[in-house]
Amino acid sequence: MANSKYEYVRSFEQADILLPNTFIVVRIDGRGFTKFTTKYKFVKPNDRRALDLMNAAAEAVMKDLPDLVLAYGQSDEFSFVFHKDCMLFERRASKLTTTIVSTFTANYVLGWSKYFPDTPLTPPLPSFDGRAVCYPSDTNLRDYLSWRQVDCHINNLYNTSFWALVQQGGMDPRAAEQELSGTFSADKNEILFSRFGINYNNEPEIFKKGSVLYRDFFPTSTQSSPTFSKTKQSSTPPLSQPKPKRIARPMSQPLGRSTYPDLLRDS
Ligand code: ATP
Ligand code: ATP
Ligand code: MG
Ligand code: MG
Ligand code: MG
Ligand code: MG
């Protein structure tokens, strides 16, 4: 099999080894989920079943890939963080990304009937795209996660206001969109409160802030395998907790250092 006359075509492959000693973040995002959520009549603005399914699929990915230390999800996206000295697939971007995307998608489809027992999946089936990006410092990684969480907040405030105007205010979508155009956060909070009696602060945390999954390393008990935290419907922003859990290297991996950079510390 080796050294056939066709072997040369391998040299056409492009190297895509990611920079060493950097966090690798793979973000996946549902393809055409605006349409998909309409097809399956997702509760708007937030279908809790769909978020739970996203979290279940992400948990399966983290269980499958011990090099992952953290994941953050909101809407139809999830960001997976590999630790800095991860050497999985020699850090090849395409291998890391496609493995995460396909593992996530497979588990999303497998889990569908548990969360949507009354609506079977039919083609076109859900699919996800993915990309890998390197972040060299703790601050860069924190800022990345903050960026995604701010996106969650801004979209959720908008969507909550939009759907209140449509569902409770009886507006047609166009008028609701116009009503909200040019408004600031304070205006949307005011619309929600004065017109619909909704205090945005009391909306579920999982809607406002998204979900964090993290690996619990070196637990205090005598467990022999890495424990895996339950999905957090983060009650506080994931990256600004004053006393975070320390994130350490998976126990299934040989250790180069005994600790792992503390991603959650306020800088
Ligand atoms: P693309 O393929 O470019 O990502 P998209 O239609 O998926 O296109 P996104 O920006 O990813 O565009 O938007 C995701 C859409 O899915 C949004 O409209 C969002 O409101 C909707 N959505 C995602 N999760 C939920 C949920 N749990 N409940 C209700 N709607 C959701
Ligand atoms: P990697 O993750 O590196 O790809 P791998 O175990 O998948 O590891 P491959 O080189 O891709 O390694 O080999 C695929 C394996 O699956 C081979 O052992 C092959 O014989 C087996 N396999 C694939 N398709 C079939 C099939 N239809 N019937 C029987 N065996 C199969
Ligand atoms: Mg996209
Ligand atoms: Mg999408
Ligand atoms: Mg999206
Ligand atoms: Mg193979």
Side-chain angles (χ1 to χ4, degrees), residues 10-33 36 51 53-109 125-152 155 210-215 217 226 228-229 231 234 238-239 247-250 252-254 256-257 260-264:
R10 186 182 275 287
S11 67
F12 284 56
E13 287 184 18
Q14 305 271 316
D16 63 348
I17 293 177
L18 295 168
L19 196 66
N21 200 35
T22 53
F23 295 107
I24 299 169
V25 176
V26 174
R27 181 171 75 258
I28 61 140
D29 185 283
R31 178 174 176 226
F33 263 47
F36 183 79
L51 295 176
L53 174 56
M54 290 289 291
N55 288 341
E59 187 169 331
V61 169
M62 286 196 73
K63 283 179 171 160
D64 236 35
L65 297 165
D67 288 37
L68 289 169
V69 292
L70 187 80
Y72 172 71
Q74 53 116 343
S75 183
D76 68 339
E77 71 170 59
F78 240 99
S79 298
F80 294 92
V81 183
F82 286 102
H83 62 74
K84 271 189 170 179
D85 47 7
C86 159
M87 284 306 292
L88 184 62
F89 302 135
E90 301 153 77
R91 298 174 73 86
R92 288 165 64 184
S94 57
K95 285 239 181 189
L96 292 169
T97 305
T98 55
T99 299
I100 286 198
V101 163
S102 64
T103 307
F104 186 93
T105 307
N107 281 283
Y108 189 94
V109 170
L125 296 170
S127 59
F128 294 82
D129 65 41
R131 72 197 70 185
V133 180
C134 292
Y135 292 101
S137 71
D138 292 8
T139 303
N140 295 149
L141 181 64
R142 276 185 56 109
D143 288 348
Y144 169 81
L145 291 162
S146 298
W147 174 52
R148 297 325 302 150
Q149 194 174 49
V150 166
D151 184 83
C152 175
N155 287 335
S211 301
V212 181
L213 297 170
Y214 59 96
R215 198 176 296 282
F217 298 102
F228 193 72
S229 66
T231 299
S234 53
L239 300 173
I247 291 180
R249 192 173 309 276
S252 57
Q253 303 277 310
R257 291 184 308 258
Y260 194 66
D262 194 344
L263 306 182
L264 308 183

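Fair warning: this is a prediction, and the values are worked out from it, not measured in the lab.
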Under the side-chain hydrogen bond (donor to acceptor under 3.5 Å, both in side chains) test, residues paired with S75 that sit two or more places apart: none

Test of understanding: with side-chain hydrogen bond (donor to acceptor under 3.5 Å, both in side chains), list the residues that count as partners of S127, not counting sequence neighbours. none

Donor-acceptor contact below 3.5 Å, side chain [X] vs main chain [Y]:
X    : Y    : answer
R31  : P126 : no
K84  : P136 : yes
R215 : M62  : yes
D29  : E77  : no

So among I100, I24, V81, V26, which one has a side chain to side chain contact (heavy atoms under 4.5 Å, CB included) with L68? I100

Are side-chain N/O atoms of Y144 and S79 paired as donor and acceptor at under 3.5 Å? yes

Nearest heavy atoms of [X] and [Y], plus distance in Å:
X   : Y    : value
D67 : L88  : OD2-CB, 3.8 Å
V69 : H83  : CG1-CB, 3.8 Å
A57 : Y108 : CB-N, 3.9 Å

Are R91 and T22 close enough that some pair of their side-chain heavy atoms sits under 4.5 Å apart? yes

Could you give me the CA-CA distance, side-chain angles and deciding distance for L213 and K63, then say whether side-chain contact (heavy atoms from CB on, under 4.5 Å) is met? CA-CA 11 Å; L213 297 170; K63 283 179 171 160; over 6 Å; no

To the nearest 0.5 Å, what is the distance between [atom1] on [X] and [atom2] on [Y]?
X    : Y    : atom1 : atom2 : answer
E90  : L96  : CD    : CG    : 10.0 Å
R92  : M87  : CZ    : CE    : 12.0 Å
I28  : F78  : CD1   : CZ    : 8.0 Å
N140 : C134 : CG    : SG    : 11.0 Å
Y135 : L141 : OH    : CG    : 8.5 Å
D85  : N21  : CG    : CG    : 7.0 Å

Kindly write out the residues that satisfy side chain to side chain contact (heavy atoms under 4.5 Å, CB included) with C152, not counting sequence neighbours, or none if the list is empty. Y72, Q74

Would you mind listing every side-chain hydrogen bond (donor to acceptor under 3.5 Å, both in side chains) that reaches into residues 95-104, with sequence neighbours excluded? none

Residues forming a salt bridge (Lys or Arg N to Asp or Glu O under 4.0 Å) with D151, sequence neighbours excluded: R148

Are F82 and F80 close enough, and set up right, to give a ring-ring contact (aromatic ring centres under 6.0 Å, His included), and what steps lead you there? CA-CA 7 Å; F82 286 102; F80 294 92; 8.3 Å; no

Name all residues meeting the ring-ring contact (aromatic ring centres under 6.0 Å, His included) criterion together with F33; count only those two or more places apart in sequence or in a different chain, and write none if there are none. F36, F128

